[in-house]
Amino acid sequence: MRGSVDGLASSAPIGAMLPAIFADDDLAQRFVAGLDEVLAPFLVVLDNLDSYFDPALAPVDFTRWLADWVGAETDGIETDAIGAGGATAGGSEGERRLRAAVAAATYLHRVRGTRRGLSEAVRLVFGVPPRITESGAAEWHARPLGPVPGDRRPHLHVSLVLPDPTPADEYRLDVLVAAARPAHMPYTVEVTAATAAERTTDR
């Protein structure tokens, strides 16, 4: 959380704003200097307010708040280990995924309910793209009454291959797909472990 910072100088010292009669008044200057120390963090935040709304620059705790504000899909992104006061040294994988999810939120809202939107939402949370099979299809013919593509019965299947899956991963995937799929589309999900060959390919 935001708070006082030892030795932080104020960008607008109160002492310099006092009437001239207090310019050489040691008591008055020391008194307002104490207020400067309290107000300095607020002034720093206001001076850099635009950075707080940039997911690449905002403190991690504020980025979590931004995620709620913009409706970013963050289920399954592990951020509990990230320091509440700011970024960890070098940043963690969970922190990078959180920032990426917030940055992509506006785009994902535009493509919500599409195959592309679902694939990107899953990739941002789990770090790997899913395999999606669906019943819908589109095709054109030069003559009328051509064959109708796709299946009459709607269905959607999302499978995900992870290096070390846990039972919680399938639940997280199910929640994510339920939120990002077309509302009318029945769906199933599957999480499997990557084979040795797939792990070697990923590297």
Kindly list each side-chain donor-acceptor pair under 3.5 angstrom involving residues 177-186, sequence neighbours excluded, with atom names and distances?
| from | atom 1 | to | atom 2 | distance (Å) |
| --- | --- | --- | --- | --- |
| R181 | NH1 | A183 | O | 3.3 |
| R181 | NH1 | M185 | O | 2.5 |

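- Here the shortest heavy-atom pairing between G150 and A137 reads N-CB, 3.6 Å.
- By the rule that hydrophobic residues join a cluster once side-chain heavy atoms approach within less than 4.5 Å of another member, V45 and L39 end up as members of separate clusters.
- When all heavy atoms of P129 and L160 are compared, the closest pair comes out as O-CD1, 4.0 Å.
- Between the side chain of S135 and the main chain of H155, a donor-acceptor pair closer than 3.5 Å is present.
- M17 and L43 fall into different hydrophobic clusters, where Ile, Leu, Val, Met, Phe, Trp and Tyr side chains are chained together by heavy-atom contacts under 4.5 Å.
- There is a path of hydrophobic side-chain contacts, each under 4.5 Å, that joins Y187 to V125.
- Residues passing the ring-ring contact (aromatic ring centres under 6.0 Å, His included) test with F31, sequence neighbours excluded: none.
- Dense packing is recorded around CG of L49, with more than 12 heavy atoms of other residues, nucleotides or ligands lying under 6.0 Å away.
- D36 approaches A12 most closely through the heavy-atom pair OD1-O, 4.1 Å.
- The shortest distance between side-chain heavy atoms of L108 and L124 falls below 4.5 Å.
- Atom CH2 of W65 is surrounded by more than 12 heavy atoms from other residues, nucleotides or ligands within 6.0 Å.
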query = Do E139 and H141 pass the side chain to side chain contact (heavy atoms under 4.5 Å, CB included) test, and can you show the C-alpha distance, the side-chain angles, and the key distance before you say yes or no?
reply = CA-CA 7 Å; E139 194 172 347; H141 296 273; 3.6 Å; yes
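- Of the inter-residue distances, the one linking N48 atom CG with D50 atom CG reads 7.0 Å to the nearest 0.5 angstrom.
- Put simply, the side chain of S119 never gets that close to the backbone of R115: no donor and acceptor are under 3.5 Å apart.
- When all heavy atoms of I132 and L156 are compared, the closest pair comes out as CG2-CD1, 3.6 Å.
- Connection of L176 to L162 is established within a shared hydrophobic cluster, with ILVMFWY side chains joined at heavy-atom distances below 4.5 Å, either directly or through further cluster members.
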key: Working for side chain to side chain contact (heavy atoms under 4.5 Å, CB included), residues V128 and V161   = CA-CA 8 Å; V128 295; V161 179; over 6 Å; no
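- Taking all atoms of both residues into account, the shortest heavy-atom contact from V60 to R99 is CG2-NH2, 3.6 Å.
- Contacts of S159 classified as side-chain contact (heavy atoms from CB on, under 4.5 Å), with partners at least two apart in sequence or in another chain: R131, H157, E190.
- With values rounded to the nearest 0.5 angstrom, T63 atom OG1 is found 11.5 Å from D68 atom CG.
- More than 12 heavy atoms of other residues, nucleotides or ligands lie within 6.0 Å of CZ in F53, so this atom counts as buried by the packing criterion.
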inquiry  = Checking T106 against V70 for the side chain to side chain contact (heavy atoms under 4.5 Å, CB included) test, could you report, in this order, the C-alpha distance in whole Å, the side-chain angles of both residues, the deciding distance, and whether it holds?
reply    = CA-CA 7 Å; T106 302; V70 300; 5.8 Å; no
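- The backbone N or O of V111 lies less than 3.5 Å from a partner atom in the side chain of T114, making a donor-acceptor pair.
- For the atom pair L46 CG and F42 CZ, the distance stands at 9.0 Å (nearest 0.5 Å).
- Residues meeting the salt bridge (Lys or Arg N to Asp or Glu O under 4.0 Å) test with R123, sequence neighbours left out: E120.
- A distance of 13.5 Å separates CZ in R112 from OH in Y107, rounded to the nearest 0.5 Å.
- Looking at heavy atoms from C-beta onward, F22 lies out of side-chain contact with V32 at the 4.5 angstrom threshold.
- In this structure, R172 contributes its side chain and F126 its backbone to no donor-acceptor pair below 3.5 Å.
- Judged as a side chain to side chain donor-acceptor pair (under 3.5 Å), the pairs with a partner in residues 10-35 (not counting sequence neighbours) are, in order, S11-D47, D26-R30.
- The salt bridge (Lys or Arg N to Asp or Glu O under 4.0 Å) test applied to R153 returns no partner, not counting sequence neighbours.
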